Amino acid sequence: MRKWIGLLCLVSLVSCNEPLLDSLPRFMREQGRHVRGGEPGDTSSARPPLPGPEPSAPEYVPSVYATALHFRDSVNWRLDSLGAAEVLFFKDGALVRRQQVSSPPDPERHRIWNGQLWTDYTDGRETVLLCDGLERFRYQGEELLRGFLIVDGDVHTLGQRPGNGGFCYRINGEPIFSQDKGSVLGSPSGPAWKGGALNLDGGEVYYSYKTDHIYYVMKGGMTFRVVPDKTFDALYDLKVHGGHLWSIQKKANKLSLVCDDEARPLDVTASDAYSCRLVPTGDQVQVLGCSRLGGGWYSFWLAPFDTGTPLSKGTGRSLKSELCYRDPDTLLADVNDDGLLLKLQFDSVDLVIPSKVYTGPSARNLFLTQSHFAAGLSHSGTGPHLLLYDTKKYSLSFNGYFTSVLIE
């Protein structure tokens, strides 16, 4: 396990940007206008270089991306974050795009995909989707995108309409399947499933919704499975992964992880479990849960299907604590009841950061791959925010807060 990463993390300051005021500093406004280089010389008599060995392709190093909401300097966003704002888009600690968003700003109306910033907005009559500030498509009606995928260049969206207006699954803005009632399962806020409520498995796009007392699992515009709720007391999560239908169900105050029609009881009572959700691990999934320990402490655990026995992954002091899991690593943000970060752990190793200085990051502000981790920490006062990427630390000053991080 790469525990040396945690021990070396955050020792040096890699990038320190100027504050983002109502008007950004000149060097940020003029990025890309000038390229520094030498003057061209006289090459008329230059000899061609001798042939040498073919250069090897450089090893690919993924970048860390982050989004944030930025408010005018006169606005105290900690007391009122509903006013005019813009999205800031960072790549490896550098600001690459800023874009105005509609009020009130919604962190779930912008996302990162393939190094691009995708945003959407609605005026109540139409929903508009933009990529890097350019309109991609628009359609009639108001929708909040609970699912977002790009497959072979096509944009798949799953939009929930306000109230009891149902939802619509679209490709490039064109409706594929629509219901006048029903609630979509899943949200765009969890890092475990990149598409949010949309899920790509075996080249097919799946999603789920509930209406009346029935859960419907869809494959594109066709019904894949129907799951009546008469056989259990509650259903917490539902995903198609590895060609199987997985769910977390509660019956008689016990939790079970169900694969197709095979249920594996988990060794934890539903009354103790505060939350639980599915996370992918290879071709299977596991249950990532949080249970009350008493005395204001909570345990985060992982329950595999083969045993059903929870494996301890850390403890937090508040319901606001977050655990990000990507097999085999964990990133735990321990937060107190005031929402302030007490410690950040990578694979049970404490990272060296000041305690009670940053607000506890949401699930969207923690990210893990099988080789890297990232976290966006928003300062609770007036100091600079921190974007962490393995052993790198980017200090970023703007009047607002991080809304997501991603490693690609």
Side-chain angles (χ1 to χ4, degrees), residues 108 143-147 158-169 176-190 192-193 195-202 204-281 284-292 301-306 308 310 319 363:
E108 292 190 349
E143 293 180 2
L144 178 62
L145 303 187
R146 306 295 297 278
L158 186 62
Q160 184 81 54
R161 302 188 185 105
N164 297 318
F167 65 92
C168 187
Y169 166 58
I176 303 300
F177 181 80
S178 179
Q179 281 284 68
D180 293 335
K181 62 178 181 178
S183 299
V184 170
L185 274 67
S187 73
S189 61
W193 306 90
L198 287 175
N199 184 42
L200 185 66
D201 187 71
E204 302 288 347
V205 176
Y206 294 89
Y207 55 97
S208 306
Y209 71 96
K210 181 184 180 182
T211 180
D212 298 326
H213 298 284
I214 300 177
Y215 293 88
Y216 293 89
V217 183
M218 304 295 296
K219 181 170 70 171
M222 306 295 293
T223 301
F224 176 68
R225 288 282 296 272
V226 177
V227 184
D229 67 357
K230 297 180 181 179
T231 59
F232 47 81
D233 300 327
L235 186 144
Y236 294 97
D237 206 353
L238 184 64
K239 289 287 186 182
V240 175
H241 183 69
H244 299 282
L245 179 63
W246 301 83
S247 63
I248 307 172
Q249 300 178 8
K250 181 181 79 170
K251 185 176 182 180
N253 205 34
K254 292 290 291 184
L255 293 176
S256 293
L257 175 57
V258 182
C259 177
D260 295 327
D261 297 322
E262 181 183 355
R264 180 60 57 92
L266 304 181
D267 188 19
V268 59
T269 60
S271 59
D272 290 336
Y274 167 73
S275 66
C276 54
R277 59 183 182 269
L278 297 171
V279 294
T281 54
Q284 297 191 7
V285 302
Q286 301 187 53
V287 179
L288 178 61
C290 175
S291 295
R292 295 175 174 86
W301 47 266
L302 194 73
F305 181 77
D306 55 353
L319 293 179

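Side chains are part of it too, since the values below use all heavy atoms of this structure and drop only hydrogens, waters and symmetry mates. In this text, all values refer to a predicted model and were calculated from it rather than measured experimentally.
- Note that CD of Glu262 is 10.0 Å distant from NE2 of His244, once rounded to the nearest 0.5 Å.
- Note: Cys276 SG to Leu302 CG = 12.0 Å, rounded to the nearest 0.5 Å.
- Leu319 CG to Ser275 OG: the interatomic distance, rounded to the nearest 0.5 Å, is 8.5 Å.
- Taking 4.5 Å as the limit, some side-chain heavy atom of Tyr169 sits within range of a side-chain heavy atom of Leu198.
- Looking at Leu257 and Gln286, their side chains never come closer than 4.5 Å, going by heavy atoms from C-beta outward.
- Without hydrogens or angle criteria, Asp272 side chain to Arg292 main chain gives no donor-acceptor distance under 3.5 Å.
- In summary, Arg264 and Asp306 do not engage in a salt bridge, as defined by a charged side-chain N under 4.0 Å from a carboxylate O.
- Taking both residues in full, the closest heavy atoms of Lys219 and Tyr206 are given as CD-OH, 3.3 Å, listed atom of the first, atom of the second, then distance.
- Residues Val217 and Leu245 are in side-chain contact: their nearest non-hydrogen atoms beyond the backbone lie under 4.5 Å apart.
- Using a 4.5 Å heavy-atom cutoff, the side chains of Asp237 and Arg277 are in contact.
- In terms of heavy-atom proximity, Lys251 sits nearest to Asp233 at CA-OD2, 3.4 Å.
- Trp246 places a side-chain N or O within donor-acceptor distance of the main-chain N or O of His241, the cut-off being under 3.5 Å.
- Of the residues listed (Leu288, Ile248, Leu238), the one engaging Leu278 in a side-chain contact (heavy atoms from CB on, under 4.5 Å) is Ile248, and it is the only one.
- Considering all non-hydrogen atoms of both residues, Ala270 and Lys250 come closest at CB-CD, 3.2 Å.
- The closest side-chain heavy-atom distance from Tyr209 to Phe177 is below 4.5 Å.
- Side chain to side chain, Ser178 and Arg161 meet the donor-acceptor criterion of an N or O pair below 3.5 Å.
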### Task
Go through Val287 and Tyr236 one step at a time and tell me if the side-chain contact (heavy atoms from CB on, under 4.5 Å) criterion holds.
CA-CA 10 Å; Val287 179; Tyr236 294 97; over 6 Å; no

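- Tyr216 contributes no side-chain N or O that, together with a main-chain N or O of Phe224, makes up a donor-acceptor pair within less than 3.5 Å.
- In this structure, Ser291 and Val268 have side chains that are in contact, with non-hydrogen atoms separated by less than 4.5 Å.
- Under the 3.5 Å distance criterion, the side-chain polar atoms of Asp229 are left unmatched by any main-chain donor or acceptor of Ala234.
- In terms of modelled atom types and a separation under 3.5 Å, the side chain of Asn199 and the main chain of Trp193 share no donor-acceptor contact.
- Ser187 and Ser189 get closest at one heavy-atom pair: OG-OG, 2.8 Å.
- Proximity of a side-chain donor or acceptor of Asp180 to a complementary backbone N or O of Gly166 within less than 3.5 Å is not detected.
- With hydrogens and angles ignored, the 3.5 Å screen pairs a side-chain donor or acceptor of Arg146 with a backbone N or O of Gly186.
- A distance-only check finds a donor-acceptor pair linking the side chain of Gln160 to the backbone of Gly182 [under 3.5 Å].
- A distance of 4.0 Å separates CE of Met218 from OG1 of Thr223, quoted to the nearest 0.5 Å.
- Here the straight-line distance linking atom NZ of Lys239 with atom CG of Leu185 works out to 8.5 Å at 0.5 Å rounding.
- In this structure, Val258 and Phe232 have side chains that are not in contact, with every pair of non-hydrogen atoms separated by 4.5 Å or more.
- In plain terms, the two heavy atoms of Ser271 and Asn253 that are nearest each other are N-OD1, 3.3 Å.
- In this structure, the side chains of Val285 and Phe305 stay at 4.5 Å or more apart for every pair of heavy atoms.
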